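Below is one structure, written out as structure tokens; comments come after it.
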Amino acid sequence: QVQLVESGGGLVQPGGSLRLSCAASGFRLDSYGIGWFRQAPGKEREGVACLSSRYGSTAYVDSVQGRFTISSDNFENTVYLQMNSLKPEDSAVYYCARRMRGTRTTMPWNVALTYDYWGQGTQVTVSS
């Protein structure tokens with residue numbers, strides 16, 4: 001019954017903005033960390049951002065720091081990724097994922113194997 005559904009992707013011009021949403025069901029966000037990952041053709045999947053409501057922490061990959069913001073609405077059980085000043089190199093399929101319990105102190109946040117449920121992904125294309 002655990003499910004993550006991304007939405008909000010699309011086509012945007014360089015310098016534009018998008019807001020991605022990750023609607024969670026079957027669990028409470030305040031008990032799990034949530035990560036955003038992205039994957040472009042020919043590139044490895046990389047961690048973009050993560051949020052832990054329980055521990056009050058966020059983290060970002062250097063390439064998006066200052067441009068992207070991860071946040072959550074625990075009442076709506078939804079995680080967001082606000083993306084500003086988008087660049088063509090941000091183009092990718094973006095996924096949200098739930099981090100397994102008990103991994104926070106044993107592995108870095110951007111290790112995909114530490115996430116047990118994934119959404120289907122939403123396409124973000126930055127192009128003029």
Side-chain angles (χ1 to χ4, degrees):
Q1 289 195 287
V2 172
Q3 190 173 25
L4 299 167
V5 180
E6 303 96 333
S7 62
L11 175 64
V12 64
Q13 293 185 343
S17 298
L18 284 174
R19 188 193 193 199
L20 305 183
S21 298
C22 174
S25 59
F27 69 100
R28 300 303 305 176
L29 290 177
D30 56 13
S31 297
Y32 292 86
I34 300 294
W36 284 97
F37 290 74
R38 66 186 181 187
Q39 188 164 26
K43 296 184 178 180
E44 294 185 349
R45 183 170 298 188
E46 70 168 342
V48 178
C50 71
L51 177 147
S52 173
S53 296
R54 183 172 185 174
Y55 297 101
S57 62
T58 61
Y60 301 90
V61 66
D62 288 346
S63 61
V64 309
Q65 196 156 343
R67 298 188 297 121
F68 291 10
T69 303
I70 187 171
S71 62
S72 67
D73 183 335
N74 289 333
F75 181 79
E76 297 292 335
N77 223 43
T78 300
V79 177
Y80 304 96
L81 185 67
Q82 179 67 46
M83 306 186 296
N84 299 325
S85 302
L86 283 163
K87 305 174 181 179
E89 51 263 44
D90 294 318
S91 297
V93 177
Y94 283 71
Y95 303 88
C96 65
R98 188 185 81 170
R99 200 173 189 194
M100 292 185 290
R101 299 290 298 274
T103 62
R104 182 181 66 87
T105 60
T106 61
M107 295 289 284
W109 68 269
N110 61 348
V111 177
L113 288 175
T114 64
Y115 294 78
D116 56 359
Y117 288 93
W118 294 76
Q120 82 290 344
T122 185
Q123 177 71 52
V124 172
T125 303
V126 184
S127 177
S128 60

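Because the structure is predicted, anything quoted here is derived from the model rather than measured.
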Y94 meets the ring pair (Phe, Tyr, Trp, His ring centres under 6.0 Å) criterion, sequence neighbours left out, with none
Under the 3.5 angstrom rule, does the side chain of S57 hit a backbone N or O of Y55 as a donor-acceptor pair?
-> no
Are R101 and Y32 in a cation-pi contact, defined as NZ or CZ under 6.0 Å from the six-membered ring centre and within 45° of the axis?
-> yes
E89 meets the side-chain contact (heavy atoms from CB on, under 4.5 Å) criterion, sequence neighbours left out, with K87
Check the hydrophobic clustering (I, L, V, M, F, W, Y; side-chain heavy atoms under 4.5 Å; chains of links allowed) and say if V111 and I34 are grouped together.
-> no
Any pair counted as salt bridge (Lys or Arg N to Asp or Glu O under 4.0 Å), so long as it reaches residues 113-128, sequence neighbours left out = R98-D116
Which pair of non-hydrogen atoms, one from M83 and one from V124, has the smallest distance, and what is that distance?
-> CE-CG2, 3.9 Å
M100 reachable from L51 in the ILVMFWY side-chain graph, under 4.5 Å edges = no
Among pairs that include at least one residue of residues 58-89, which meet disulfide bond (SG atoms under 2.5 Å apart), considering only residues two or more places apart or in two chains?
-> none
Not counting sequence neighbours, which residues clear side-chain hydrogen bond (donor to acceptor under 3.5 Å, both in side chains) with Q39? List them please.
-> R45
Just list the side-chain donor-acceptor pairs under 3.5 Å for residues 61-70, sequence neighbours left out, or say none.
from: S63; atom 1: OG; to: R38; atom 2: NH2; distance (Å): 3.4
from: R67; atom 1: NH1; to: S85; atom 2: O; distance (Å): 2.9
from: R67; atom 1: NH1; to: D90; atom 2: OD2; distance (Å): 2.8
from: R67; atom 1: NH2; to: S63; atom 2: O; distance (Å): 2.9
from: R67; atom 1: NH2; to: D90; atom 2: OD1; distance (Å): 3.1
from: R67; atom 1: NH2; to: D90; atom 2: OD2; distance (Å): 3.4

Identify each donor-acceptor pair in which a side-chain atom of residues 13-29 lies under 3.5 Å from a protein atom, sequence neighbours left out, and give them as a table.
from: S17; atom 1: OG; to: N84; atom 2: OD1; distance (Å): 2.9
from: R28; atom 1: NH2; to: N74; atom 2: O; distance (Å): 2.7

Between S91 and A40 the two heavy atoms that sit nearest each other are O-CB, 3.6 Å
Fellow cluster residues of V93, listed by chain then number, with links counted only when side-chain atoms sit under 4.5 Å apart | F37, Y95, W109, Y115, W118
Using atom types as modelled and distance alone, determine if a side-chain donor or acceptor of E6 lies under 3.5 Å from a backbone N or O of T122.
-> no
